[in-house]
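Read through the structure below, which is laid out as structure tokens, and then see the notes.
Just so we're clear, the structure is a prediction, and the values are computed from it rather than from any experiment. Chain letters run A, B, ... following the sequence lines, proteins first and then strands; every chain starts at 1.
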Amino acid sequence: MEGKYIPKHVEDKWQQFWETRKSFESVEDTSRRKYYLLEMFPYPSGRIHMGHVRNYSIGDVIARFKRMKGYNVLHPMGWDAFGMPAENAAIQNKSHPARWTYENIDYMRGQLKKMGLSYAWDRELATCSVDYYQWEQLIFLQMYKKGLAYKRNSFVNWCPKCETVLANEQVEEGRCWRCDSEVVQKELDQWFFRITDYADELLECTYNLPGWPERVLTMQRNWIGKSYGCEIDFPVEGHLAGIKVFTTRQDTLYGATFMSLAPEHPMALTLTLPENRPAVEAFIEKVKKTEKTARTAEDFEKEGVFTGSYCINPVTNRRMPVYLANFVLTDYGTGAVMAVPTHDQRDFEFARKYGLPLQVVIQPEAESLDPTSMAAAYTAEGIMVNSGQFDGLKSGDAKEKIADYLEKEGIGKKTVNFRLRDWGISRQRYWGNPIPIIYCDLCGVVPVPEKDLPVVLPMDVTFTGEGGNPLATVEDFVNVTCPQCGELARRETDTMDTFVESSWYFLRYCCPDFIAGPIDKERAEYWMSVDQYIGGIEHAVLHLLYARFFTKVLRDLGYCAIDEPFTNLLTQGMVIKDGAKMSKSKGNVVDPNALIEKYGADTARLFSLFAAPPEKDLDWSDQGVDGSYRFLNRVWKLVHDTLPLLANAGSIDVSSLGEEGKGLRRTVHKTIRKVTEDVEERFHFNTAIAAIMEMVNAIQAFEPKNDPRHAAVLKEALESLVLLLAPFVPHIASELWEGLGHAEGVETADWPSYDPAVAASEELLIVVQVNGKLRSKITMAVSAGEPEMKEAALSDERVQPFIEGKTVRKVICVPGKLVNIVVG
RNA sequence: GCCGAAGUGGUGGAAUUGGUAGACACGCAAGAUUCAGGUUCUUGUGCGGGCAACCGUGUGCUGGUUCGAGUCCAGUCUUCGGCACCA
């Protein structure tokens, strides 16, 4: 151990030590308690950023802590390696996405190793490797067989800049989640995963995930968007087929006076009379041209057009004109809305604009609604009126009764509707997993036989950036013979959404070398579920929903026996500097390399853990980093300077200890308790570190250090200090642990335990209040009972002025804490 | 509009069960060390008053419950995040 703390020397040494020892590799061992800790794997964008540093520092504390606690810890790392930036870089550099990706991986792996993160590098995987994606193709084929993967023509979200399709989850306020371009609707033949089949289970299970943050669960529930209602048939005059609507307000059915269809509704044109045709077509054209962002703007004007047709309200027999309306969405419910202008604000505005009739069917108790003078729709509950046999009921009760009635009469049925749409996974890109499908003119859609897997992504491709998907230009890839009839056929050139890879990688980590299938069931059963998952909140409804879906699919395919992939989820906050998220465009990025170069990885880790609790945003402060570095220097100096005093330290002889010795021991044991609880139960690393800092202050202030009676106490203090620091700042802790005479690495040491008797104080500080205001503090023995406390409080001289000449009405006593004297 | 989270010193943040508000840091100020700068060390640091002991006051705002409220309740304002013509 050198006299001066030089982070680089220490960190290089121990990183090499861990590397040669393979310290963090783990094998399945059913005799040991397992702990699967996972941080969201990174996209190999080039270099790690502060968000990674924070995410992985948090994870590493838990991994190292659990190991010291005796768990068999699985802590893997890999690369979410398919994706568009690689393709863009290839175009720019006239290179290849694979080369760019693997170079980035090599560089970033080096960076992670320089952080001293305790990963099982033997399990590293990259999703762009055929060893990985071939199994995903197999899963796809099995999903296809079960009807969970299917192709259909549909309007899809299309990003003109990325020239590819986006899933609903990847559109944010009408813009591409990646490049921020305006998303347009395009009609395309696309592959989908039937996530809607699992909508109910995905929703139900959110109520059984106590280890997830409530806000993530809420977001997922909102996204799934389950609502209960009825599907009701409205016959159309002069047509055999009626219009189906979905409504959650069947209690307002008697007030439905017209019908609104989405402009894209399949019956829109068939219901249009010849004389209405020009206006209708013009309207449809206009809506199509309107950008989605404009269409969802707050003050967007409700507009529509009459088709000329009428449908019949099945309970009132009223003739209802059928309109097309710009606010009706084609992909929610049935794309048709029964319009009740008195009790729905949009219908109200629409009716006023086009002079359509209003009929009140729910009367509030406080006021009397008049259709001619109403200024807005009444949407709350009330008493049913003008609703035949349901008059007089509360509207809430009528909901159920009308639903029953509709079912009995065969007019409609109770149904549930979800906001969640199927997951469109086709991407018109090269750098992704090829969808294993062949198109044959004779046989149609033919899945690639399992024995012909993998469909290898061809490497010999040139990237110009023009003309759409480069994969479609590779003749050798596209032209195949049909596996069924042997005739010439074409290969699917769409690749899978890269979110597919991240939907099951946590299962592959359990058995990355398994060659008989995607998942070795036995090994997966030992490790799964992930005990603790850590990542950014931005994945609340993207990755985290897809991963849950995939786990359930894989369960139903027989690959694993679990329902949910992640038992506990920690969503760490963003790294903020100067009031904004770190980004190149804002020019406020701090480069981890420079930080590690200047201060070392331990300082980078310590600061990112100390500055804020994990789930909060972290405000970056260069001065704060200095502070963390200073602290490590103080620790180093403290251990180094104290070392000579420990030479003759034996075991602690309690009877010979002075007050100072006892006091230091108390601090040490209290700190062990505090740090253990903060790390284990709350992940409050900031307060854990604060407690360690206090302990360092106490050891530093400890006098007399030279008293030989105290050598053993000092030794206990320093060893505890180093052990407590080990999960946070592993390099310096390893060096100090060695300096204290331990040959085995600190990462294999046992987490220190505390003795409650030693941690307990003999004396306590009792707070004395008068009428709830702090007036004095007195020190009393722990054994002091209520009478003694009251006695001491009432006779305390600082309390006297406040009770003199007043009547003591009550004295409240909380043993060991406070006395409150109530005077009046 | 709906759902969720959060408002505490100059700053990041503590206060775990209703019981000392501001732990631990950063910053700042004074002093020591130094030729000097940096480092390091000591002391102080919510605000107002006072030489001081101390007193008053203080957790977005207004009320309430309680012996006692940053914490619980009601209302309200602000900020951030998510969803949104969802029928």
With a non-hydrogen cut-off below 4.0 angstrom, is [X] in contact with a base, only sugar-phosphate, or nothing?
{"X": "A:Arg421", "answer": "nothing"}
{"X": "A:Gly225", "answer": "nothing"}
{"X": "A:Asp617", "answer": "sugar-phosphate"}
{"X": "A:Arg221", "answer": "nothing"}
{"X": "A:Gln769", "answer": "base"}
{"X": "A:Leu765", "answer": "base"}
{"X": "A:Pro613", "answer": "sugar-phosphate"}
{"X": "A:Lys4", "answer": "nothing"}
{"X": "A:Phe631", "answer": "nothing"}
{"X": "A:Lys817", "answer": "sugar-phosphate"}
{"X": "A:Val822", "answer": "sugar-phosphate"}
{"X": "A:Lys637", "answer": "nothing"}

Kindly point out which of [options] is positioned nearest to the side chain of [X]?
{"X": "A:Phe610", "options": "B:C55, B:C24, B:C26", "answer": "B:C24"}
{"X": "A:Val767", "options": "B:U16, B:G19, B:U20", "answer": "B:U20"}
{"X": "A:Ala611", "options": "B:A23, B:C86, B:G12", "answer": "B:G12"}
{"X": "A:Phe802", "options": "B:C55, B:A14, B:G12", "answer": "B:C55"}
{"X": "A:Thr218", "options": "B:A87, B:G4, B:G19", "answer": "B:G4"}
{"X": "A:Asn697", "options": "B:A84, B:A25, B:G82", "answer": "B:A25"}
{"X": "A:Gln623", "options": "B:C26, B:C85, B:A84", "answer": "B:C26"}
{"X": "A:Lys616", "options": "B:C67, B:U57, B:G13", "answer": "B:G13"}
{"X": "A:Arg630", "options": "B:C54, B:U20, B:C26", "answer": "B:C26"}
{"X": "A:Arg682", "options": "B:U16, B:A87, B:G19", "answer": "B:U16"}

Legend entry - First encountered from the 5' end of RNA chain B, between A:Met219 and A:Arg215: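 On the 5' side of the pair lies A:Arg215.
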Legend entry - Residue met sooner reading RNA chain B from 5', once A:Leu618 and A:Asn820 are mapped to nucleotides: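 Its nearest nucleotide being more 5', the pick is A:Leu618.
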Could you tell me whether a side-chain N or O of [X] sits under 3.5 Å from a main-chain N or O of [Y], the two making a donor and an acceptor?
{"X": "A:Asp200", "Y": "A:Lys226", "result": "no"}
{"X": "A:Arg605", "Y": "A:Phe728", "result": "yes"}
{"X": "A:Asn588", "Y": "A:Lys577", "result": "yes"}
{"X": "A:Gln220", "Y": "A:Leu203", "result": "no"}

Once hydrogens and angles are ignored, does a donor-acceptor distance under 3.5 Å link the base of [N] to the side chain of [X]?
{"X": "A:Asn222", "N": "B:C83", "value": "no"}
{"X": "A:Lys810", "N": "B:C67", "value": "no"}
{"X": "A:Lys773", "N": "B:U57", "value": "no"}

Legend entry - Residues A:Glu381 and A:Lys399 bridged, charged N to O under 4.0 Å: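 No, A:Glu381 and A:Lys399 are not salt-bridged.
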Legend entry - Carboxylate-amine/guanidinium proximity below 4.0 Å for A:Lys674 and A:Asp678: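 Salt bridge: yes.
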What's the gap between [N] and [M] when it is taken at their [atom1] atoms, as a whole Å value?
{"N": "B:G75", "M": "B:A5", "atom1": "P", "result": "16 Å"}
{"N": "B:C28", "M": "B:G46", "atom1": "C1'", "result": "14 Å"}
{"N": "B:C85", "M": "B:C80", "atom1": "C1'", "result": "25 Å"}
{"N": "B:G10", "M": "B:G22", "atom1": "P", "result": "15 Å"}
{"N": "B:U43", "M": "B:G7", "atom1": "P", "result": "33 Å"}
{"N": "B:C77", "M": "B:C61", "atom1": "P", "result": "15 Å"}
{"N": "B:G13", "M": "B:G60", "atom1": "P", "result": "15 Å"}
{"N": "B:G1", "M": "B:U45", "atom1": "C1'", "result": "47 Å"}

Whole-Å distance between [N] [atom2] and [X] [atom1]?
{"X": "A:Arg634", "N": "B:C41", "atom1": "CZ", "atom2": "P", "result": "6 Å"}
{"X": "A:Lys674", "N": "B:A14", "atom1": "NZ", "atom2": "P", "result": "10 Å"}
{"X": "A:Glu615", "N": "B:G13", "atom1": "CD", "atom2": "P", "result": "11 Å"}
{"X": "A:Leu217", "N": "B:G82", "atom1": "CG", "atom2": "P", "result": "17 Å"}
{"X": "A:Asp619", "N": "B:U11", "atom1": "CG", "atom2": "P", "result": "11 Å"}
{"X": "A:Trp223", "N": "B:A84", "atom1": "CH2", "atom2": "P", "result": "6 Å"}
{"X": "A:Ile812", "N": "B:C67", "atom1": "CD1", "atom2": "P", "result": "7 Å"}
{"X": "A:Ile537", "N": "B:G82", "atom1": "CD1", "atom2": "P", "result": "9 Å"}

Legend entry - Partner set under ring pair (Phe, Tyr, Trp, His ring centres under 6.0 Å) for A:Phe65, not counting sequence neighbours: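 Per chain and number, A:Phe65 pairs via ring pair (Phe, Tyr, Trp, His ring centres under 6.0 Å) with A:Trp751.
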Inset, instruction - Would you write the dot-bracket representation of RNA chain B, where each base gets (, ), [, ], | or . depending on whether it forms a Watson-Crick or G-U pair under 3.5 Å and with which partner? - result: (((((((..(((......[....)))((((((.......))))))((((....))))..(((((..]....))))))))))))....
Inset, instruction - Please determine, by modelled atom types, if A:Lys670 and A:Ser761 share a side-chain donor-acceptor pair under 3.5 angstrom. - result: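 A pair is found: one side chain offers a donor N or O, the other an acceptor, under 3.5 Å apart.
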Legend entry - Donor + acceptor pair across side chains of A:Arg54, A:Ser608 (<3.5 Å):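 Result is no, nothing qualifies.
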Legend entry - Below 4.0 Å: OP1/OP2 of B:A23 and any side-chain N or O of A:Asn686: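 Answer no for this pair, as no side-chain N or O of A:Asn686 is under 4.0 Å from OP1 or OP2.
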Legend entry - Distance below 4.0 Å between A:Arg419 side-chain N/O and B:A87 OP1 or OP2: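 No, because none of the side-chain N or O atoms of A:Arg419 sits under 4.0 Å from OP1 or OP2 of B:A87.
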Legend entry - Ring centre gap for A:Phe350 and A:Phe258 strictly below 6.0 Å: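 Centroid separation for A:Phe350 and A:Phe258: below 6.0 Å.
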Inset, instruction - Verify the ring-centre separation between A:Trp423 and A:Phe499: is it less than 6.0 angstrom? - result: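 Aromatic pair excluded; centres sit 6.0 Å or further apart.
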Legend entry - Chi-based syn or anti call at B:G38, which uses purine or pyrimidine torsion atoms and a 90° bound: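 Nucleotide B:G38 adopts anti.
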Legend entry - All salt bridge (charged side-chain N to carboxylate O under 4.0 Å, His left out) counterparts of A:Lys616, not counting sequence neighbours: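 Result, salt bridge (charged side-chain N to carboxylate O under 4.0 Å, His left out) vs A:Lys616: none returned.
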